[in-house]
Structures are given as C-alpha cells and as structure tokens.
Amino acid sequence: MPAVVIVGAQWGDEGKGKATDLLGESVDFVVKPNGGNNAGHTVVVKGEKFELKLLPAGILSPQVTPVIGNGVVVNLEALFEEIESLSSRGVDTGRLRISANAHIVAPYHQTLDKVTERFLGSRAIGTTGRGIGPAYMDKAGRLGIRVQDLFDESILRQKVEGALRQKNELLVKLFNRRAVEVEEITQGLLAYAERLRPMVVDTTELLNSALDRGEVVLMEGGQATYLDVDHGTYPFVTSSNPTAGGACTGSGIGPTRIDRVIGIVKAYTTRVGAGPFPTELFDQWGEFLQKTGGEVGVNTGRPRRCGWYDAPMIRHAGRINGFTDIVLTKLDVLTGIEEIPLCVAYDVDGVIYHDMPMTQTEFHHAVPVYETMPGWTEDIRSCRTLEDLPENARAYVQRLEELAGCRISAIGVGPDREDTIAVHDLLPGPGEARSLPAA
Ligand code: GDP
Ligand code: IMO
Ligand code: MG
C-alpha cells in the first residue's frame with residue numbers, strides 16, 4: 001500500500017498528466033489502466049514540454065516504473081514511435097512494462113473507426129480516429145488480439161483470421177473498402193514481437209507485489225468521467241471505463257487496496273468532439289478561455305469547446321468515483337475576468353435540477369443556472385500557498401470546494417510542474433488511516 005487513482009472529472013484534458021508528473025517523485029509505479037493513443041497529456045518540466053499519448057506520464061520521472069495495464073489498447077506503431085521520440089530526448093524508457101493481456105489496436109481498427117464515423121454522418125462522435133472503439137468492440141466481442149498472442153505465431157494467425165472474416169465482409173460490402181489480408185496483418189504484428197518481448201510481464205503480479213512491499217502505485221486514468229462508456233454522455237463517449245472502478249479492472253488492483261481517488265478538475269470546462277455540453281460558450285468568453293487556456297487538443301489538434309465551470313457535473317463525478325481529493329487546475333486562466341459565472345444547477349424545461357438529470361434527453365435540454373463570483377486581475381502564477389492568492393481567487397476555490405463536497409488538495413496556477421499550490425498531502429503518509437470520501 002498505498003494505491004492512488006487519478007481520474008479526469010470532466011470531458012478530458014483536465015491536466016491529469018501534470019498531476020501525475022507532480023506526484024512522480026513520490027511514487028514507485030505509474031500504471032495506465034484504460035484507453036490508448038487517443039489520450040494526449042502535456043507535461044511541462046522546467047520549461048521543457050512533453051506530449052504523451054499512449055505512455056503514462058510517469059515515464060518522465062526517473063525512479064518510476066511505468067506500466068501499460070491490461071485495460072489499455074495498444075497501437076504498436078504508435079508505441080515504438082513514442083518510445084523513440086522520448087528516448088531521443090534523453091528520457092529513460094527502459095523501465096516500461098506492458099501487460100500480456102493488453103489488447104492490440106490493429107490497422108483495420110483505425111480504418112473501421114474512420115469509416116464508421118463517416119457512416120454516422122451528423123450523428124458522428126468526433127472520435128480521435130485512432131481505432132480505439134473498434135479495438136474495444138473486438139475485446140468485448142471476443143475477437144481481439146492480445147499482446148501475448150504475438151509470441152505464438154500460429155495462435156496469432158488464427159486470431160487475425162477470425163477477426164478479419166467478419167470485418168472484411170463489413171469493409172467490402174458495407175463500407176466499399178478493400179479487404180485486408182490475414183498474412184499482411186499477421187506479419188505486420190509479428191515484426192514487433194521481439195522488441196516487445198522484454199517489456200511484457202504479468203503486470204497484475206508486478207503491481208500487487210509492489211503494494212505488498214509498501215511501494216506506491218499510481219493509476220493514471222486516461223480520458224475522463226463523462227467520456228466513460230457507462231457513466232459518460234453516451235454515445236458521445238470513448239469505449240473504455242476511465243472512472244475509478246475501471247482503474248481497478250484495467251490494472252488488476254482490487255478496490256480494497258485503493259487509498260485515494262484524486263479527481264482532476266479544470267477551473268472551467270472543455271470538451272473535444274461531439275455531444276451535449278450545457279455550459280458551452282459561443283461568445284467572446286468562450287474564445288477567451290480557448291485562447292488563454294491554450295485549449296487545443298494534443299492528439300488531433302482540434303480546438304477544444306470551452307464553457308464555464310459546471311458544479312453538478314463535478315459533484316456527480318465525485319460520487320461515482322468516490323473522490324477523496326480534488327486537484328483544481330488552470331485557475332490562472334480565469335485571471336482578468338471581472339465576474340466569473342459558475343453553473344450551480346440546471347433548468348430542464350422549467351424544472352430545476354441540482355444534480356445530474358437521469359436521462360440524456362434532459363441533459364441535452366439543460367440550461368445552466370449561474371451564480372457569479374467576483375474575479376481578480378493579479379497574476380497568480382507565482383502563488384505557492386492559498387494565502388498568496390488574491391482574496392477573490394481564494395473565495396472562488398472555496399465555493400468550488402463547497403459545491404463539490406470534496407476537499408481541494410492542490411491548485412494549478414500554470415502549466416509547469418512548479419506552478420502548483422499544495423494544500424493537503426495527496427499521498428497518505430505511512431500508517432495513515434485512509435481518508436474517506438467527503439462527497
Ligand atoms: P490531460 O489529458 O488531462 O493530461 O490534460 P492535457 O495535457 O491534454 O491538457 C491540459 C493542458 O493544460 C496542458 O497543456 C497542460 O500543460 C496545461 N495545464 C495543466 N495544468 C495547468 C494549470 O494549472 N495552468 C495552466 N495554465 N495550464 C495547465
Ligand atoms: P485525455 O486522456 C479529450 C474524446 C474524443 C471523442 C470521444 C471518443 O487527453 O483526457 P475515441 O477516439 O476515444 O473513440 O473518441 O472521446 N476523447 C478525448 N477527449 N481528452 C481525451 O483524452 C480523449 N480521448 C478521447 O474527442 O469525442
Ligand atoms: Mg489530454
């Protein structure tokens with residue numbers, strides 16, 4: 001013990017990478033439990049910018065063993081590209097370990113992702129086009145290919161054959177594309193096998209033994225609560241479970257071993273791709289947040305949709321994940337706004353909801369009920385304690401804490417690792433009783 005989970009509380013890009021990096025020096029293992037190279041985490045270390053997609057952000061901390069968990073879907077080309085790019089910048093990637101049970105994203109998954117989106121027309125999800133959905137479909141449909149299959153050529157060929165039989169029908173007859181050759185895929189995957197072999201282990205054994213020894217394991221969730229296939233704004237979601245429960249499944253660490261669940265919350269709201277977004281702004285303030293916050297997707301380069309803070313969403317996220325702590329990010333982006341609106345409830349066709357409405361239709365109709373907080377103009381980037389913050393910024397944070405029903409344990413005031421206000425320890429001390437969620 002202890003095991004700690006990091007979860008995005010909104011629609012992604014809350015700053016999970018920076019939070020993981022912040023804890024990097026105090027943890028032994030960082031495991032990515034879900035998603036694949038659809039993620040995009042920017043970490044700034046002493047002015048140097050790193051962009052991670054498939055690899056956990058923990059790879060940037062020299063003493064951390066980074067782990068790709070069983071719940072991840074791995075695109076091997078993207079994996080080795082990212083490893084090479086980091087290695088060329090002096091990052092030691094030799095400690096990376098990958099679960100033998102993780103699934104593979106094959107080239108046909110990417111093709112299917114793109115043609116399916118086109119087929120959906122106006123109902124398209126706006127996926128990252130990385131083949132994530134089709135790879136998880138194959139996993140659930142028992143047609144997936146796992147990392148371990150690369151070490152048994154005959155099994156691999158059989159599985160590729162099984163997967164392609166149905167897909168080629170779809171590709172040719174429905175989507176008017178060319179059929180994919182079994183041998184081309186099999187050989188393409190086999191080409192990575194020997195490079196992959198030394199990294200592949202039983203990661204559940206690795207992580208649980210580490211916990212037995214008292215080492216610290218951090219689970220770094222990709223995506224976020226409202227992109228969760230069960231709890232998100234379905235169907236405008238990703239195809240994995242980025243919530244805290246998914247972190248257990250995706251890494252093979254039992255829920256009883258988790259000590260902290262840290263929700264990463266942006267001081268406003270952003271979203272990439274399609275789907276409902278009650279506090280979305282279409283005026284100059286949306287543009288202000290987009291520009292000042294540098295809100296452009298790391299993965300696809302799409303501008304992120306921007307809106308005010310949505311308190312009912314965060315309170316609900318706190319419940320379903322069991323947040324013990326919140327890390328509030330990008331408070332500095334709000335500097336200079338005279339009056340900051342924050343959504344405290346929804347008006348759904350005349351009925352006021354203080355919590356998330358039950359149905360997607362109601363959420364689509366939700367009109368935010370705002371209260372406003374006075375803003376501040378002082379540059380807060382150099383603040384390192386709560387007392388350093390201007391009074392109005394402190395009051396904004398306090399109000400968010402009240403509305404979330406969970407303590408805010410750290411506050412981001414800039415992109416660099418150093419630009420952080422530490423309020424409470426994010427990791428439990430030795431022998432410390434686990435903190436129960438306040439939500
Ligand atoms: P992730 O996917 O949750 O890891 O988040 P992203 O990296 O996609 O997006 C967060 C962006 O905000 C990145 O560019 C970070 O460098 C940046 N960032 C993180 N925390 C802060 C903060 O407190 N202030 C500012 N200004 N930028 C931040
Ligand atoms: P990080 O980890 C923001 C969104 C896509 C799309 C939907 C489905 O950086 O927070 P997918 O390719 O997963 O099938 O796309 O999910 N999406 C993200 N949005 N941040 C992410 O990751 C995302 N990963 C997927 O834009 O709307
Ligand atoms: Mg991101």
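Numbering of ligands and ligand atoms starts at 1, following listing order. This structure is a prediction, so every number in the text was calculated from the model and none was measured.
Looking at Val44 next to ligand 1, no N or O pair under 3.5 Å apart turns up. Note: an N/O pair closer than 3.5 Å links Asp13 and ligand 1 by distance alone. Taking only nitrogen or oxygen atoms, main chain and side chain alike, Val43 does not reach within less than 3.5 Å of ligand 1. An N or O contact shorter than 3.5 Å is missing between Val333 and ligand 1 by distance.
Applying the 4.0 Å criterion to heavy atoms of Gly40 picks out, from ligand 1, the atoms 1 (P), 2 (O), 6 (P), 7 (O), 8 (O). The ligand atoms of ligand 1 that sit less than 4.0 angstrom from a heavy atom of Lys18 are 19 (C), 20 (N), 23 (O). Residue Gly412 approaches ligand 1 through these ligand atoms, each under 4.0 Å from one of its heavy atoms: 23 (O). Ligand 1 places these atoms under 4.0 Å from at least one heavy atom of Val413: 23 (O). Heavy-atom contacts of Arg304 reach the following atoms of ligand 1: 8 (O), 9 (O) (cutoff under 4.0 Å).
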Between Thr128 and Asn299, does a side-chain hydrogen bond (donor to acceptor under 3.5 Å, both in side chains) hold up when you go through it step by step?
CA-CA 7 Å; Thr128 59; Asn299 206 298; 5.1 Å; no

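No side-chain donor-acceptor contact under 3.5 Å links Ser85 and Glu82.
Around the Mg ion (ligand 3), the protein contributes the following N, O or S atoms under 2.8 Å, ordered by chain and number: Asp13 OD1, Gly40 O.
In terms of protein heavy-atom proximity, atom 1 (P) of ligand 1 is closest to His41 ND1, 3.2 Å. If you check which protein heavy atom lies closest to atom 13 (C) of ligand 1, you get Thr42 CB, 3.6 Å. Closest protein heavy atom to atom 12 (O) of ligand 1: Lys330 NZ, 3.0 Å. Given atom 26 (N) of ligand 1, the protein heavy atom at minimum distance is Asp332 OD2, 2.7 Å.
The pair Asp13-Arg304 counts as a salt bridge, with a side-chain nitrogen and a carboxylate oxygen less than 4.0 angstrom apart. Of the charged side-chain nitrogens involved, at least one lies within less than 4.0 Å of a carboxylate oxygen, so that Arg399 and Glu402 count as a salt-bridged pair. Salt bridge annotation for Asp325-Arg407: present, with a cationic side-chain nitrogen under 4.0 angstrom from a carboxylate oxygen.
For CZ of Phe80, the number of neighbouring non-hydrogen atoms (other residues, nucleotides, ligands) closer than 6.0 Å is greater than 12. The number of heavy-atom neighbours closer than 6.0 Å to CD of Glu77, taken from other residues, nucleotides and ligands shown, is 12 or below. Residue Met137 places its CE atom among 12 or fewer non-hydrogen atoms of other residues, nucleotides or ligands, all under 6.0 Å distant.
Taking the six-membered ring where the residue is Trp, His316 and Tyr226 present tilted rings, their angle falling between 30° and 60°. Using bins of under 30°, 30° to 60° and over 60° for the plane-to-plane angle, the ring pair Trp376/Tyr396 lands in the tilted bin. Taking the six-membered ring where tryptophan is involved, the planes of Trp285 and Trp308 are tilted, since the angle between them lies from 30° to 60°.
Residue Gly414 places a heavy atom under 4.0 Å from ligand 1. Judged by the shortest distance from any of its heavy atoms, Arg417 lies outside the 4.0 Å radius around the atoms of ligand 1.
Residues Trp11 and Phe277 bring their aromatic ring centres within 6.0 Å.
For the pair Asn321 (side chain) and Ala244 (backbone), a donor-acceptor distance under 3.5 Å is present. A distance-only check finds a donor-acceptor pair linking the side chain of Thr329 to the backbone of Glu14 [under 3.5 Å]. Side chain of Asp138 to backbone of Ala135: no donor-acceptor contact under 3.5 angstrom is found. Not a single donor-acceptor pair under 3.5 Å links the side chain of Glu220 to the backbone N or O of Lys32. At distances below 3.5 Å, not a single donor-acceptor pair connects side-chain atoms of Arg97 with backbone N or O atoms of Val31.
Ordered by chain and residue number, the residues placing a heavy atom less than 4.0 Å from ligand 2 are Trp11, Gly12, Asp13, Lys16, Asn38, Ala39, Gly40, His41, Ile125, Gly126, Thr127, Thr128, Gly222, Gln223, Leu227, Val237, Thr238, Val272, Gly273, Arg302.
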